[in-house]
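Quick notes on the structure that follows.
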Amino acid sequence: MLKLKLARQTIGKNLQLYLPFLLANAVLVGINYIFFSMTTNRSLERQNYGSGLIQLMNIGLVFTLAITFFFMIYINGIVSRRRNHELGLYSILGMTRSDLGKMIFFIDAIMFVASSVLGLVFGATFVKFVGLGLKKLLDMGRFDIPVFSSVAAIICVGYFAAVYFILLLGDLWRLRSVNPLDLWKATNKREKEPRGSWIFGIVGVIALGSGYAIAVRMKASMDAVTSFMLAVILVVIGTYLVFIAFSIIFLKMLRKNKNFYYKRNHFISVSGMIYRMKQNGASLASICLLLTTALVAIVTTGTLRLSQEATVRLYNPYDVVMTKKTPISHADKMTIQSKAKDNHVTVGKYVNMMMTGPIYGNFSGSAYSVSKTVDMSTENQLFAVPVADYNRIQKQNVHLAKDEILMCSSKGGYDKNRLTIKGKTYKVRHIDSFDFYFDYQRTIFKPIFVFAKDRKVCEQISRKWLYAMGYDISGKKSDLKRYAAGLGDKFTAVVKKNSQEPYMDSFTDRPSVSDLFNQLFGGLLFIGIFVSIVMLIATVVVMYYKQVSEGYADRDRFKTMQQVGLSREETKSAINSQVLTVFMLPIIGAAVNVGFAIPAIQKMLVLLSMYDKLLLVKFGIVSLAVTFLGYVAVYKLTTNVYENIVNR
């Protein structure tokens, strides 16, 4: 068929335009195939907490599919605009709108088939490696990973078929709405000089500043997620408005500066960019936000994974930790020993502690404000322990007056030397660690332990008492899990039968907590890695097509200047000046966005009991540095593409 042959020739002659789009789509097909393969894997569902992990993956999958859809719409628009030049030539040669529509259909069909085949080959090739990595990451048992999943392939290809169908409808609609003879002129039509809007710029700055303020001032409470989402929306809006409005204003200011503007490189770069800066600004804002999202995803999930051991220790400073309203009885200890013997487990030394029931509240200046009701603004849970228990556990000999307390809190907690609790003011002596520091009932509230002179002083803080006991166990991993599960069932049954307030009692074991966090944090890291990869692919391709579209737009202008004496070296220098002027803005913007996001991320991670802000900052700096190096490499490659187009 003639139309099919012409479609193949169009793709072949414009590989620089179509090949990156094809390869990017193929990689996205492969990534989504791997996601579908994992979420439909019954072997994964049978793992401990496997159903929860699949739910997490489905959230990541939805996010990845949404990114894929908007990315393909965006890039297809750029490809379509460049394709209009050739379609205009065919229309001049006598082809009708119907003929052009058939050509577009065959081009999209070829791209769909090729990207699907390559993507499934890519996905099937790497799914085994990804599965083995996931198995290692989550410390799972038997996990079967099929090389090829027909169900995953059908779902994945069906989704991309739907996306390509939407792209085809958009292409045909654009073709219907214009005169085919105008397509030739449209590609070469010069844009009008845009106007920089101070109003949009100021609104953008306000939106950006408001988003940053919310992120920095956000509290570690249950409403943190809502605040974070509001900050994200404001930053997205502000980034687009600032890049679009102020980039134009900034270039016009440079043009008015005669000392800067009337230099060869600056004159060429500024005069060329100013006419395309409205579209340019949107592209730069998109690159900035894609980089920001990739960094936030990997920094958040990576930090969680790195802090996993610390979080497990916070939940379970000993292998087994239990709390009750009444002292741990001899019968309880006999049950513990009996279960251990039955499961070939060795029980270590018991560590006992009495502590008051938690009082929930927030620090306000040098006072602890007790919450009358635990609501979305509550941040802390405070316990009082007699100093005698502290001395016994820590092997210390600390003496306290009635108005003195020792305080142990997580990193970044209260740091003042006086604290008022329920109207009584205490002198505070801070301690760095406590062996039985733990998160009671594993809540989202930050634990604060204070050690007072005696039981009477503790009761000035809270009159309810809890009795905690912890101990370590040793044996085979399978025996430890079986022992902990049986003992948990036993004590849970006792709690339900005998306790009038069952929520006051708790039993946890480190094997179960470790399994839970392996699945949760490992699954989040897996999703974070894949989402970041998709974001970075989109970033690279957007950068590439930005350079391609600008290269074609600037080619005639540079040729004219070369004809009147501009040398190749001067052309290269002007290109580097032009590209460098705008290309560093997105990575700088992303660094600023991530810098202001760090406090918000830290408050979000507190909800998962991650309190190490320094770890978050260090990992964020390393991730940003690696991303910057990759960004510079892509800048070099895409600049070469731009230069080749201009000098062709």
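This structure is a prediction, so every number in the text was calculated from the model and none was measured. Values reported hereafter were calculated over all heavy atoms of this structure, with side chains retained and with hydrogens, waters and symmetry mates removed. Numbering starts at 1 and runs along the sequence shown.
For the pair Asn362 (side chain) and Glu379 (backbone), a donor-acceptor distance under 3.5 Å is present. Looking only at distances, no side-chain donor or acceptor of Thr300 sits under 3.5 Å from a matching main-chain atom of Ala297. Although no hydrogens or angles enter the test, the distance criterion places no donor-acceptor pair under 3.5 Å between the side chain of Ser115 and the main chain of Ala26. With hydrogens and angles ignored, the 3.5 Å screen pairs no side-chain donor or acceptor of Tyr360 with any backbone N or O of Asn380.
Rounding to the nearest 0.5 Å gives a distance of 9.0 Å between OH of Tyr33 and CE of Met38. Note that CG of Leu291 is 10.5 Å distant from OG of Ser532, once rounded to the nearest 0.5 Å. Rounded to the nearest 0.5 angstrom, Leu605 CG and Thr311 OG1 are separated by 9.0 Å. Of the inter-residue distances, the one linking Phe71 atom CZ with Thr539 atom OG1 reads 9.5 Å to the nearest 0.5 angstrom. Atom OG1 of Thr627 sits about 9.0 Å away from atom CD1 of Ile298, to the nearest 0.5 Å. Taking CG from Leu289 and CE from Met535, the interatomic distance works out to 9.5 Å, rounded to the nearest 0.5 Å.
Scanning both residues, Ala114 and Leu22, for their nearest heavy atoms gives CB-CD1, 3.6 Å. For the pair Ala590 and Thr292, the tightest heavy-atom approach, listed with the atom from each and the gap, is CA-OG1, 3.4 Å. Between Val29 and Ser116, the shortest heavy-atom distance links the atoms CG1-O, 4.1 Å. Taking each heavy atom of Ser371 and Thr378 in turn, the nearest pair found is OG-OG1, 3.4 Å.
Using a 4.5 Å heavy-atom threshold, the side chains of Ile214 and Phe228 count as separate. Here the side chains of Val235 and Phe596 are not in contact, with every heavy-atom distance at 4.5 Å or above. Residues Tyr159 and Val163 meet the side-chain proximity criterion, which asks for heavy atoms closer than 4.5 Å. Using a 4.5 Å cut-off on side-chain heavy atoms (C-beta onward), Met610 and Gln308 make no contact. Side-chain contact between Leu19 and Leu23 is present, with at least one heavy-atom pair separated by less than 4.5 Å. Counting heavy atoms from C-beta outward, Phe243 and Ser286 have side chains that stay 4.5 Å or more apart. The shortest distance between side-chain heavy atoms of Phe521 and Thr301 does not fall below 4.5 Å. The shortest side-chain heavy-atom distance between Ile73 and Phe69 falls under the 4.5 Å cut-off.
Between Asn76 and Asp108, the side chains place no donor N or O within less than 3.5 Å of an acceptor N or O (distance only, hydrogens not considered).
Here Phe160 and Tyr164 keep their ring centres 6.0 angstrom or further from each other.
Under a cut-off of 6.0 angstrom, the local environment of CZ in Phe105 is sparse, with at most 12 non-hydrogen atoms contributed by other residues, nucleotides or ligands.
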Requested in this report: Starting from the C-alpha separation in whole Å, work towards a yes-or-no answer on side chain to side chain contact (heavy atoms under 4.5 Å, CB included) for Ile31 and Ile537.
Outcome: CA-CA 11 Å; Ile31 288 174; Ile537 289 172; 4.0 Å; yes
Query - Leu525 and Leu304: CA distance, side-chain angles, deciding distance, side chain to side chain contact (heavy atoms under 4.5 Å, CB included) verdict - result: CA-CA 8 Å; Leu525 178 59; Leu304 270 178; over 6 Å; no
Query raised in the report: Is there a side chain to side chain contact (heavy atoms under 4.5 Å, CB included) between Leu61 and Phe530 once you walk through the steps?
Result: CA-CA 9 Å; Leu61 176 59; Phe530 269 76; over 6 Å; no
Requested in this report: List the steps, then state whether side chain to side chain contact (heavy atoms under 4.5 Å, CB included) holds for Asn25 with Phe112.
Outcome: CA-CA 9 Å; Asn25 285 351; Phe112 165 68; over 6 Å; no
